[in-house]
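Note sheet for the following structure.
Numbers here are sequence positions counted from 1. Atoms within a ligand are numbered from 1 in the order they appear, just like the ligands themselves. The model shown is predicted, which means the values in this text are computed figures rather than measured ones.
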Amino acid sequence: MEIQFVGKRALVTGAGKGIGRDIAKRLVELGADTVALSRTQSDLDSLKAEVPAIKIVQCDLRDWDRTRESLQTVGDIDLLVNNAGVSRIGPFLDVKEEDIDWMFDINYKAVFNVGQVISRSMVDRKTGGAIVNVSSASTFHGLEDHAVYSSTKAAVDKLTHIMALELGKHKIRVNAVNPTVALTDMGKVKWSDPINAAPMIARIPMGRFLDVSEIVNAIMFLLSDKATMIHGITLPIDGGLLTT
Ligand code: NAP
């Protein structure tokens, strides 16, 4: 099965590091004219040096209005991956208001903001399009110390459902992916410690964490014309964790 995005324009948020960086690179490989949006300019500069064809946009997605201004510069987007995300873990009893605001601003409100602007443009242009929101397997499980993070991703799952419900008639497909752990900068914070990792891996029937490419592959499929009737799903990428 060959996937290609020649003639399509893609936007990936949080493309400076981790999963988003690999998503952006793969989109370029598959022919998409790709815009990488992220917060840290040096990450974007190194991505541009690695992949000169990529267009980079520096933007802090926490800033609702500035994000809207930045999106005016990205051109007509056909494929959107709302990937940017943050995590600050800790016991429910110790969570501070600022933790809740920070994670909801980036993990949820930015998905809403970027999704709304890009979908509006797709609707006005009558081109349709495809959107993938990067959620988390933690929405399906109880995971200690993840009260806020998991809640933000549960909100993304529900947003994905409603976006799919309302945007389908405009030929805009919207799906989410729900990965378990991958050892990116974010993943390493908790899961690089064998004391935390071992019991988590023991819960995963496939017996290991994810390689980032396994998340990227699923996202490419959902964005592609091989998935034309897959719409409104929250796709576990979890090595069978849901079976336990
Ligand atoms: P990561 O390595 O920490 O990368 C996150 C990226 O998002 C970085 O480039 C970061 O830029 C960017 N970002 C964060 N806040 C931003 C903001 N305010 N404005 C613009 N960009 C911002 O994390 P990752 O592991 O690749 O995670 C990517 C997505 O996958 C997230 O939505 C995460 O919740 C989800 N996920 C990850 C895992 C995992 O185990 N890694 C599992 C399930 C789901 P800066 O560094 O410059 O802030």
Side-chain angles (χ1 to χ4, degrees), residues 11-26 35-48 54 56-71 74 80-89 101-115 132-141 143 145-146 148-157 159-160 176-193 196-197 200-201 204 208-216 218-219 234-239 241-242:
L11 171 65
V12 184
T13 70
K17 297 183 176 79
I19 299 164
R21 190 174 175 107
D22 281 10
I23 295 167
K25 285 161 61 174
R26 183 75 71 81
V35 183
L37 182 152
S38 207
R39 191 179 64 89
T40 301
Q41 185 66 49
S42 56
D43 289 341
L44 292 167
D45 291 341
S46 77
L47 179 60
K48 179 82 182 166
I54 220 157
I56 55 173
V57 175
Q58 191 281 329
C59 174
D60 184 344
L61 291 166
R62 244 196 131 175
D63 186 332
W64 182 277
D65 293 332
R66 163 90 212 291
T67 296
R68 289 188 165 235
E69 283 165 27
S70 297
L71 293 175
V74 300
L80 167 64
V81 185
N82 275 311
N83 163 81
V86 289
S87 174
R88 189 179 290 152
I89 55 180
D101 289 342
W102 182 61
M103 280 183 261
F104 267 94
D105 280 354
I106 298 164
N107 295 3
Y108 176 72
K109 276 180 71 181
V111 173
F112 208 113
N113 196 16
V114 176
V132 174
N133 297 327
V134 180
S135 180
S136 167
S138 69
T139 67
F140 303 134
H141 307 277
L143 202 52
D145 297 336
H146 286 69
V148 185
Y149 177 80
S150 297
S151 300
T152 66
K153 296 299 190 178
V156 168
D157 286 355
L159 177 61
T160 302
V177 291
N178 297 62
T180 186
V181 177
L183 292 176
T184 60
D185 286 358
M186 179 191 287
K188 281 178 195 157
V189 171
K190 182 168 175 100
W191 305 109
S192 60
D193 180 345
N196 295 325
M200 186 64 183
I201 289 172
I204 299 173
R208 62 176 174 83
F209 289 152
L210 297 172
D211 189 87
V212 168
S213 66
E214 293 168 315
I215 305 169
V216 176
I219 292 171
T234 46
L235 178 69
I237 309 171
D238 67 354
L241 186 56
L242 261 184

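Residue contacts with ligand 1: Y149 is included, with a non-hydrogen atom under 4.0 Å away. Taking 4.0 Å as the cut-off, T13 does not count as a neighbour of ligand 1 on heavy-atom distance. Using a 4.0 Å cutoff on heavy atoms, R21 does not count as a contact of ligand 1. Ligand 1 lies less than 4.0 angstrom from a heavy atom belonging to S135.
When hydrogens are left out, the protein atom nearest atom 26 (O) of ligand 1 is I19 N, 2.8 Å; that is the closest non-hydrogen contact. Protein heavy atom closest to atom 25 (O) of ligand 1, with residue, atom name and distance, is T184 OG1, 2.5 Å.
The N/O atoms of L61, backbone and side chain alike, include one that comes under 3.5 Å of an N/O atom in ligand 1. Here's the thing with A15: none of its N/O atoms is less than 3.5 angstrom from an N/O atom of ligand 1. Taking any N or O of S136, backbone or side chain, none lies under 3.5 Å from an N or O belonging to ligand 1.
Residue S87 does not touch ligand 1, judged by heavy-atom distances below 4.0 Å. In T40, the parts holding a heavy atom less than 4.0 Å from any atom of ligand 1 are both the side chain and the backbone. Here I106 has side-chain heavy atoms under 4.0 Å from ligand 1, and that is the only part of it that gets that close. With a 4.0 Å cut-off on non-hydrogen atoms, A110 does not touch ligand 1 at all.
Within 6.0 Å of CZ on F104 lie more than 12 heavy atoms contributed by other residues, nucleotides or ligands.
Of all the listed residues (A84, S42, A182, G20), A84 holds the heavy atom that lies closest to atom 22 (C) of ligand 1.
Counting only N and O atoms by type, the side chains of N83 and T13 include no donor and acceptor under 3.5 Å apart. D211 and S213 share a side-chain donor-acceptor pair at under 3.5 Å. No hydrogens or angles considered: a donor-acceptor pair under 3.5 Å links the side chains of T139 and D157.
Here K17 does not pair with D185 in a salt bridge; the nearest charged N to carboxylate O distance is not below 4.0 Å. Here D145 pairs with K190 in a salt bridge; the nearest charged N to carboxylate O distance falls below 4.0 Å.
A donor-acceptor pair under 3.5 Å is formed between the side chain of Q58 and the backbone N or O of R39.
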